[in-house]
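Here is the structure we will look at.
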Amino acid sequence: MKHTISLGLSLGVLWWVLSGFAKPLLLALGVFSVLFTLWLARRMDAIDHESHPIHMSFGLLRFWARLVVEIVISNLQVLGAILSPRADAIQPHFLRVRMRQTSDLGKVILANSITLTPGTVSIALTGDELLVHALTQASGQAVRDGQLDLLVPSDVEEVQP
Amino acid sequence: MILETAGVAILVAMGAALARTLLGPTVYDRILAVNSFGTKTVLLIALLGAFAGRADYLDIALLYALINFIAMVAMMNYSRNSKLSRDDEAQS
Amino acid sequence: MSISHALAVLLLSLGSGLLIVAGIGLLRFPHFYTRLHAAGVIDTLAAGLFLAGLAWWFGPTLGSVKLLLIFVFLLFTSPTACHALAATAWASGLREPAQNKE
């Protein structure tokens with residue numbers, strides 16, 4: 001239930017930001033569309049702790065702050081590789097890494113973060129092994145070190161469903 | 001003045017993506033280039049909003065980003081379930 | 001020409017420069033999997049700087065909130081699209097030409 005309320009609140013804020021209206025009629029229409037969307041989402045059974053992970057919001061904020069740093073660093077590496085005139089500036093290779101994540105949600109968050117950082121793209125996920133394509137040795141090493149892996153907030157609700 | 005410069009830069013980058021779309025060689029290169037072309041279109045629409053001084057353009061940009069994503073996923077589904085990519089395998 | 005205007009100019013020119021460099025990468029990189037990374041630059045840092053510059057241009061209005069929303073949306077969708085593309089290419093048997101291991 002708390003996921004439904006949280007989704008409703010975020011939908012309401014989204015509606016208000018996108019429209020910017022405050023007239024009673026339009027506000028009523030907005031409330032109606034939010035409720036309709038909530039009804040549809042409940043009918044689809046799409047509201048749970050995976051689609052709406054409010055239980056890890058603070059951990060996610062810390063993780064995102066770290067992710068932004070990683071993204072900027074790896075962007076600079078890729079840009080250097082693009083502009084370098086040498087042919088051996090890139091060492092593209094595939095690698096398999098074992099993830100520390102145990103929950104599905106944690107694995108998906110990690111794989112998406114690896115894809116989001118330029119220089120590494122996650123290709124396939126089998127069990128707890130991730131197939132990654134890396135552009136340079138440095139970006140591949142960053143995945144092997146697994147610093148992001150340690151920072152993914154733990155999915156506490158997965159343990160006690 | 002900076003807005004015009006930024007517009008030219010986006011058009012040049014779009015030209016690069018378009019060239020990659022035409023050059024290929026695999027169908028995945030083309031889809032990747034089209035997707036990146038779409039992202040640049042979102043930026044261009046937002047820039048047009050700054051040109052006109054109206055925030056209304058940004059709604060269109062947001063909608064374009066949505067459609068771009070859905071089109072991308074639809075294309076992936078199509079190429080996965082068809083024999084579209086058969087010829088490219090021989091080249092790679 | 002105030003300081004805030006100068007900041008918008010700086011962010012926009014950085015974003016435009018990155019767009020062009022990433023476009024060069026899209027053309028210059030030798031193989032599909034390497035080009036994925038060039039497209040990743042466009043979706044993250046280049047788009048981020050560009051939209052931040054535009055947000056500064058709009059000033060503290062609803063417009064800059066919408067620009068932030070566009071950026072957040074790009075951040076959510078781009079890895080999904082990128083991964084879908086890479087997974088489909090991998091499943092269809094596309095490999096790096098130099099090393100055909102696995």
Side-chain angles (χ1 to χ4, degrees), chain B residues 1-3 5-10 12-17 19-20 23-29 31-33 35-40 42-43 45-47 49-50 53-59 61-62 64-66 68-73 75-77 79-80 84-86 88-89 91-92, chain C residues 5 8-10 12-13 15-28 31-33 35-36 38-40 42-43 46-47 50-51 53-55 57-58 61-67 69-71 73-74 76-78 80-82 84-89 91-97:
Chain B
M1 193 56 211
I2 178 65
L3 290 185
T5 320
V8 171
I10 290 192
V12 170
M14 281 170 115
R20 180 44 72 199
L23 289 172
T26 66
V27 68
Y28 304 108
D29 288 293
I31 296 176
L32 176 70
N35 185 39
S36 137
F37 192 85
T39 308
K40 285 163 195 161
V42 173
L43 297 183
I45 296 174
L47 186 72
R54 300 176 59 159
D56 308 348
Y57 282 77
L58 301 178
D59 297 327
L62 192 63
Y64 199 94
L66 275 163
N68 189 35
F69 173 63
I70 292 172
M72 171 79 189
V73 172
M75 271 193 282
M76 280 349 289
N77 255 333
S79 82
R80 190 175 284 209
L84 190 68
S85 53
R86 258 322 133 69
D88 298 307
E89 279 174 37
Q91 290 178 21
S92 59
Chain C
H5 182 79
V9 169
L10 179 71
L12 272 175
S13 15
S16 314
L18 285 197
L19 274 178
I20 291 182
V21 172
I24 294 172
L26 210 55
L27 285 177
R28 191 173 166 232
H31 196 67
F32 165 71
Y33 288 109
R35 288 176 199 136
L36 273 176
I42 295 175
D43 285 343
F50 202 93
L51 290 176
L54 282 182
W57 187 273
F58 271 100
T61 56
L62 210 56
S64 42
V65 181
K66 281 182 189 170
L67 282 166
L69 215 59
I70 293 176
F71 181 55
F73 191 79
L74 275 183
F76 272 110
T77 56
S78 95
T80 315
C82 194
L85 192 56
T88 315
S92 83
L94 185 70
R95 299 290 184 271
E96 293 254 353

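Proteins come first, then strands; the chains are lettered A, B, ... in the order of their sequence lines, and each starts at number 1.
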Any side-chain heavy atom of [X] sitting closer than 4.5 Å to one from [Y]?
{"X": "Leu62(B)", "Y": "Lys66(C)", "answer": "no"}
{"X": "Leu3(B)", "Y": "Leu12(C)", "answer": "yes"}
{"X": "Leu85(C)", "Y": "Asn35(B)", "answer": "no"}
{"X": "Leu47(B)", "Y": "Phe50(C)", "answer": "yes"}

Note: Leu43(B) and Leu19(C) closest approach over all heavy atoms is CD1-CD1, 4.0 Å

Shortest non-hydrogen pair, Leu58(B) vs Gly63(C), comes out as CD1-O, 3.2 Å

Counting only heavy atoms closer than 4.5 Å, note whether [X] contacts chain B via side chain, backbone, both or neither.
{"X": "Ala87(C)", "value": "both"}
{"X": "Ala91(C)", "value": "neither"}
{"X": "Phe32(C)", "value": "both"}

Heavy atoms of other groups near Phe69(B) CZ, more than 12 under 6.0 Å:
yes

Between the CG atom in Asp29(B) and the CZ atom in Arg35(C), the distance rounded to the nearest 0.5 Å is 4.0 Å

Heavy-atom pairs under 4.5 Å with chain B: which of Leu69(C), Leu74(C), Thr77(C), Leu51(C) has the most?
Thr77(C)

Between Gly15(C), Ala89(C), Ser13(C), which residue shows the highest count of heavy-atom pairs closer than 4.5 Å to chain B?
Ala89(C)

